[in-house]
Amino acid sequence: MCKAILISAYFEKQRKFIALIKDIQVSLNSKEYKKHGYTFNEYIKMKWNISQLEAYRYLRCGKVLDQLEEFEIKPSYERLCKALSNVAKTPIQMKILWSAILKKTGGRPDCINSTHVNNIWKEICSNEKYSDVCKYEGDIMNRIEKSLNKFEKEKKHKQLNSDKIINNNNNNN
C-alpha cells in the first residue's frame, strides 16, 4: 500500500514537472512572450515566477524528457535532468542510462537520485558490452592523453635545450 502511494505521488510530481517544462518550451518556441509585448525574462517572471536561468535549466530538462518520451517513468526534477544530460551526450546514451537506472532501482522512481546517474554511467562505460555507446568518453580521454603526452614531450625538449645552453655557457667560460 505504501509503495503504491509513493509511486502515485511520484507520477503526480512527474506530471506537474513535465507540464511546466512543456509550457515553457511552447512559450519560447512560439515566442508567446513577444505577442504579449514582453521580453522572455519579463514573461517568465510574470507567468511562472522563475528567473531566466531557471527557465533555461527547465529547457535543458525538456531536451532530456524529449529523449525519454517512450518511458512511463521519467525524471521529475531539474537536478536529475542536469545529471543525466551531463553524462549522456546522445539520445541512445540517454535511453541506455535511464533504462539501467530504472532497472537498478527496481522501477521505483522515488529511489532515483542524481548520485545514481554518475555511478550507473560509470558502470555502463566500464562494461565491454557498451564500449561503442561510451566511445564518446573514450575519444575524449584519448585526446586528453595525447595532449598531455605532447605537452610533456615539449616540456622535456625545452628542458634539454635549456640544459645544453647552460652547459655550453659553462664550457665556454
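Between Glu78 and Arg60 there is no salt bridge, since none of the side-chain N atoms of the basic residue sits less than 4.0 Å from a carboxylate O of the acidic one. Here Arg15 pairs with Glu12 in a salt bridge; the nearest charged N to carboxylate O distance falls below 4.0 Å. Ion pairing between Glu32 and Lys47 holds under the 4.0 Å rule for side-chain N and carboxylate O.
Surrounding CG of Leu59 are more than 12 heavy atoms belonging to other residues, nucleotides or ligands, all under 6.0 Å away.
Between Trp121 atom CH2 and Ile96 atom CD1 the span is 7.5 Å, to the nearest 0.5 Å. For the atom pair CE (Met46) and OG1 (Thr39), the distance works out to 10.0 Å, reported to the nearest 0.5 Å. Rounding to the nearest 0.5 Å gives a distance of 5.0 Å between CD of Gln25 and CG of Asp66. Here Asp110 contributes atom CG and Ile5 contributes atom CD1; the two are 12.0 Å apart, rounded to the nearest 0.5 Å.
Judged by distance alone, the side chain of Gln93 and the main-chain N or O of Thr90 form a donor-acceptor pair under 3.5 Å.
Within the 4.5 Å cutoff, no side-chain heavy atoms of Asn113 are placed close to those of Leu80.
Ring geometry for Tyr43 against Trp48 counts as perpendicular: the plane angle is over 60°, on a 0 to 90° scale with 30° as the lower cut.
Side-chain heavy atoms closer than 4.5 Å link hydrophobic residues (I, L, V, M, F, W, Y) into clusters, and following such links, possibly through other members, connects Trp98 to Ile120.
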